Number of protein chains: 2
Amino acid sequence: MGQGLPVTSYALLGLLTFGDELTGYELKQRADNTLRFYWTSPAMSQVYSELARLAEQELVAPVSEDANRRATRYRITQKGRQELHTWMRETPAGFPVLKHPVALRLLIGHVAEPADVARLLRDYLDELELQRKDLAEVRESLRGGDAPGEAFRYPSLVADWGLAYYDSEATIAREILDRVEDG
Amino acid sequence: MGQGLPVTSYALLGLLTFGDELTGYELKQRADNTLRFYWTSPAMSQVYSELARLAEQELVAPVSEDANRRATRYRITQKGRQELHTWMRETPAGFPVLKHPVALRLLIGHVAEPADVARLLRDYLDELELQRKDLAEVRESLRGGDAPGEAFRYPSLVADWGLAYYDSEATIAREILDRVEDG
DNA sequence: ACAGCCATGTAACTCGTTACATGATTAC
DNA sequence: GTAATCATGTAACGAGTTACATGGCTGT
């Protein structure tokens, strides 16, 4: 049956397992609050084409197009839940892929001025702080439903993971910056 | 002129700035030892097509095809160096993109059995150790040329960054695993 | 002789993006 | 009335992958 979907499809499908029904537009917003930090938030246009594909395979279903309402809401189907469950159980997760333009540029730092390398790292530190703030807000919004057994338990764990990651990145980048400025 | 190349092109071009001339095959090996950890190591076929494009724009040049030798070596041109330098100085690096299948699956951990979530994290910890070992070997191979001002200075900094990142990931994943097993 | 590595490339394909087009509803 | 937000899609394109095809050279 629906074998071999791209991971992003499962990701979007997974965002529909939190008990509500979403329009493509809303799904994109949820992706921006979650997937963005550990995966990628697909473009609007892709959200719609993924929803079309998932609907075709009956993993999601459009919910009664509320008469006068122009927006189509989608819910995950039983088949969709099963598919997700099988995917989680039977396919290996694989190792993260990191596309780190700052590390990449540092690798060839010798072709730039030392001042430019330092600026690269400082800019990164600034941006890290902004991203951390965004994620911290998301994490705060999950408070209340994050106890063991509750709905936002896992999203909260992931958010904490992300925050710890940003903190670690900042620490490392600061240390590298020190070493660059020494040399 | 050669404006607007994908970052991967600059990455490969950058690997040719370490004073030697490489065949496509060797370039791929170098990518496997460097880019793999912070970017992506392109497929063999892409290495060749990128080299063709870089050659077309005269950012690299095939070095005299050594008579009886069947392999084509490439060196970076002066124009190539200039292009890289400008790229480093004038285009913003952008924020890293992380595709983290473990975090993604944890996000929707409620659709799986708790035991499967725990296994997910344990497998990740195992794989982290292997990757760390690979990177540690690479880092060791740079010893000797990693003092300030020397050829492998920056590659060594990046390798240290990577090692610290792996260590941090392991620490966080272990803590999340604890919390998952508690709940 | 045979395996394994070195070496180069083409073809088909998928994922995902940007640009574009359209229009309804809501808030001021 | 007009700007922002909600809402949905199409078309063209680019980056990057896998599968395939080919063949020389090296060590045993």
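Quick note on labels: first sequence line is chain A, next is B, and so on, each numbered from 1. The structure displayed is predicted, hence computed values, not measured ones. All heavy atoms count here, side chains included; hydrogens, waters and symmetry mates do not.
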Legend entry - Side chain of A:Glu26 - closest among D:dG16, D:dA7, C:dC15: D:dA7
Legend entry - Shortest non-hydrogen contact between B:Leu22 and B:Leu15, atoms and distance: CD1-O, 4.4 Å
Inset, instruction - Grab the CG-C1' distance between B:Leu22 and C:dA7 for me, whole Å please. - result: 14 Å
Legend entry - Atom-pair distance (CG on A:Leu35; P on C:dC15), nearest Å: 17 Å
Inset, instruction - Give me the bend of the helix from C:dA1-D:dT28 to C:dC28-D:dG1, using the axes of the five pairs at each end, rounded to 10°. - result: 30°
Inset, instruction - May I ask you to verify if any side-chain N or O of B:Tyr25 is less than 4.0 angstrom from the OP1 or OP2 atom of C:dC6? - result: yes
Inset, instruction - Would you kindly give the CZ-to-P distance between A:Arg36 and C:dT17, to the nearest whole Å? - result: 14 Å
Legend entry - Contact under 4.0 Å: B:Gln29 side-chain N or O vs C:dC5 OP1/OP2: no
Inset, instruction - Compare every heavy atom of A:Thr77 with every heavy atom of A:Val60, then report the nearest pair and how far apart it is. - result: C-CG2, 3.7 Å
Inset, instruction - Salt-bridge test for A:Glu140 and A:Arg143: reply yes if a basic N is under 4.0 Å from a carboxylate O, no otherwise. - result: yes
Legend entry - Residues B:Lys28 and B:Asp32 bridged, charged N to O under 4.0 Å: yes
Legend entry - salt_bridge(A:Arg122, A:Glu181) N-O dist < 4.0 Å: yes
Inset, instruction - Check the distance between C:dT14's P and A:Leu5's CG and give it to me in whole angstrom. - result: 13 Å
Pairs under 3.5 angstrom, nitrogen or oxygen only, protein versus nucleotides 17-24 of chain D, please.
from: D:dT17; atom 1: OP2; to: B:Ala43; atom 2: N; distance (Å): 3.0
from: D:dT17; atom 1: OP2; to: B:Gln46; atom 2: OE1; distance (Å): 3.0
from: D:dT18; atom 1: O4; to: B:Ser45; atom 2: OG; distance (Å): 3.0

Inset, instruction - Before accepting this row, confirm whether a basic side-chain N of the pair B:Arg75/B:Asp20 lies closer than 4.0 Å to the acidic partner's carboxylate O. - result: no
Inset, instruction - Measure from the ring center of B:His100 to the ring center of A:Tyr165 and say whether it is less than 6.0 Å. - result: no
Inset, instruction - Could you state the atom-to-atom distance from CG of A:Leu27 to C1' of D:dA7 in whole Å? - result: 13 Å
Legend entry - 5'-most by nearest nucleotide on DNA chain C - A:Thr8 or B:Tyr74: B:Tyr74
Inset, instruction - Give the rounded distance in Å between these two atoms: CD of B:Glu56 and P of C:dG9. - result: 14 Å
Inset, instruction - Identify whether the distance between the nearest side-chain nitrogen and carboxylate oxygen of A:Glu50 and A:Arg53 falls below 4.0 Å. - result: yes
Legend entry - Proximal nucleotide (of C:dG16, D:dT8, D:dC6) relative to the A:Thr23 side chain: D:dT8
Inset, instruction - Check the distance between D:dT10's P and A:Tyr48's OH and give it to me in whole angstrom. - result: 12 Å
Legend entry - Whole angstrom value for the distance that separates C1' of C:dT10 from CZ of B:Arg53: 17 Å
Legend entry - B:Arg105 and B:Asp116 ion-paired at < 4.0 Å: no
Legend entry - B:Lys99 side chain near C:dG16 phosphate (N/O to OP1/OP2, under 4.0 Å): yes
